[in-house]
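Computed from heavy atoms alone, side chains included, the values below leave out hydrogens, waters and symmetry copies.
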Amino acid sequence: MPREEPPAAEVSEVAETGEEKEDGQPEEQEERWARLLPELLSEVVRRVEASGGERWPARKDVVSCACVCRRWRDAAVAVVRPPAVSGKITFPSSLKQPGPREFPMQCFIKRNKKNSTFYLYLGLTTATVDKGKFLMAARRFRRGPHTEYIISLDADDLSQGSNAYMGKLRSDFWGTNFKVYDSKPPHDGAKASSSRSSRRFGSRRISPQVSAGNYEVGQLSYKYNLLKSRGPRRMYCALECPSPQETWENSLKTKFRKPMGTTVLRNKAPRWHEHLQCWCLNFHGRVTVASVKNFQLSVAADPNDPTGSRDEETVLLQFGKVDDDIFTMDYRQPLSAFQAFAISLSSFGTKLACE
């Protein structure tokens, strides 16, 4: 399937640690770039971002600035805001940062049935589907009684031993209960899963300071409906969501987060349309094909929310079909692109809860 390269895939150890050298670059040459005044470095990055770097593919120039050396990386961090603030996905770590609060990040998923692979793209225009910017890919594997979706930054390297491994989604035998695993610890002191399928050896991580593994960060379940009674399926999610106050710089550190509370999401109940004789939800033009896979997730009003701006009507994740193998996926805070993608993947496959 034609695709673009992963977002900022070039941000490897060079950008994240500042210790590696590319193509035998002499140390004195890197120091020459690093000796620029911090104020000048910041101004360079600001101008690069302002000169057409607001959207992909031009935004790759901002990423290139962060790849020069550690000081350029630090300057880029000071200028580039996380998705919760800017509404933009820039670096790989942005995929595990919360989306914006006031409006959704509009993405879409392309499915390849032949190789059971799913590709996530960031929408570049207001159109339902456009060329898009490749973000992540996932492939479905059958492991005994379980099914796993391996999520990676590299669509050509979908394995847990890959240096682009992001995490995975794992289902039970019936396909009605799922667990979401992150390749990085969600908080200080988190323990990796000890199951055999979660053990990974000899992998080189994009962030070598952060230990590699599989850390459970969420659970999903679908209504187990044996009687096939009339009505749509029910969906329930409990997730550890990242803090919107964190920057992508903090996510590179080994001890960067305190345990967060669990965010509980439920699918919005559709309404029965007498004229159409079907269950309906308002997707505001982002979904055009009726499918049991379509859903909207929301969270009940939080009494601890001082703004009181979020209620049970606010859709945090919307997923739906627009073509045979194309689905839109729109998410917002507190969900990250990685979490939204994992939840959306659970909608594929056969479930007893489906009608």
Side-chain angles (χ1 to χ4, degrees), residues 3-20 22 45 49 53 55-68 70 72-74 76-77 79-99 105 107 118-122 132-138 150-168 180-186 200 203-215 217 242 246-254 256-257 329 331 335-342:
R3 64 177 180 83
E4 294 186 10
E5 291 301 316
E10 58 270 30
V11 183
S12 57
E13 287 84 353
V14 179
E16 308 246 2
T17 69
E19 296 174 356
E20 298 287 335
E22 292 186 355
V45 178
E49 186 171 30
R55 291 181 175 273
W56 291 94
R59 197 157 182 77
K60 64 183 180 181
D61 295 335
V62 178
V63 177
S64 298
C65 291
C67 291
V68 175
R70 181 188 294 273
W72 280 68
R73 190 281 307 267
D74 293 340
V77 169
V79 173
V80 177
R81 299 291 87 194
V85 178
S86 66
K88 302 180 182 69
I89 292 177
T90 308
F91 304 104
S93 54
S94 301
L95 299 174
K96 292 186 178 180
Q97 294 283 316
M105 295 287 289
C107 306
F118 307 84
Y119 305 86
L120 176 66
Y121 293 84
L122 174 67
K133 171 61 185 176
F134 175 81
L135 299 178
M136 290 179 283
I150 304 299
I151 304 174
S152 173
L153 287 171
D154 189 348
D156 296 322
D157 192 357
L158 290 155
S159 67
Q160 292 192 59
S162 168
N163 63 341
Y165 175 68
M166 295 283 284
K168 68 178 181 178
V180 181
Y181 295 91
D182 197 328
S183 61
K184 296 196 295 186
R200 302 168 57 243
S203 63
R204 294 178 63 249
R205 300 298 303 141
I206 288 178
S207 299
Q209 304 102 316
V210 181
S211 58
N214 281 308
Y215 301 84
V217 293
E246 293 172 3
T247 65
W248 72 275
E249 177 188 23
N250 291 335
S251 69
L252 304 178
K253 300 177 182 178
T254 303
F256 58 93
R257 276 186 267 185
M329 187 199 84
Y331 73 96
L335 296 177
S336 66
F338 168 76
Q339 290 174 321
F341 189 35

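- The two residues K96 and S183 come nearest to each other via the heavy atoms NZ-OG, 3.2 Å.
- Contact annotation: the side chain of V80 approaches that of F91 to within less than 4.5 Å [non-hydrogen atoms, C-beta and beyond].
- The shortest non-hydrogen separation linking Y181 to F338 is O-CZ, 3.4 Å.
- Smallest separation of non-hydrogen atoms from P83 and P98: CB-O, 3.5 Å.
- Going from atom CG of L122 over to atom CZ of R59 covers 10.5 Å, rounded to the nearest 0.5 Å.
- Applying the side-chain contact (heavy atoms from CB on, under 4.5 Å) rule to A137 yields the partners Y119, F134, A155, L158; only residues at least two apart in sequence or on another chain are considered.
- Residues A337 and M329 come closest through the heavy atom pair O-CE, 4.3 Å.
- Interatomic distance, K168 NZ to D182 CG, rounded to the nearest 0.5 Å: 12.0 Å.
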Dump the intermediate steps for side-chain contact (heavy atoms from CB on, under 4.5 Å) on L120 and L95, then the final yes or no.
CA-CA 11 Å; L120 176 66; L95 299 174; 5.9 Å; no
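- Between the NZ atom in K184 and the OG atom in S93 there is a gap of 6.5 Å [rounded to 0.5 Å].
- Atom SG of C65 sits about 14.0 Å away from atom CZ of R73, to the nearest 0.5 Å.
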Quick one, C107 with M136, criterion side-chain contact (heavy atoms from CB on, under 4.5 Å). Give me CA distance, side-chain angles, the key distance, then yes/no.
CA-CA 11 Å; C107 306; M136 290 179 283; over 6 Å; no
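- When side chains are defined from C-beta on, N214 counts as touching Q160, because their heavy atoms get closer than 4.5 Å.
- With sequence neighbours excluded, the residues that form a side-chain contact (heavy atoms from CB on, under 4.5 Å) with D157 are D154, S159, S162.
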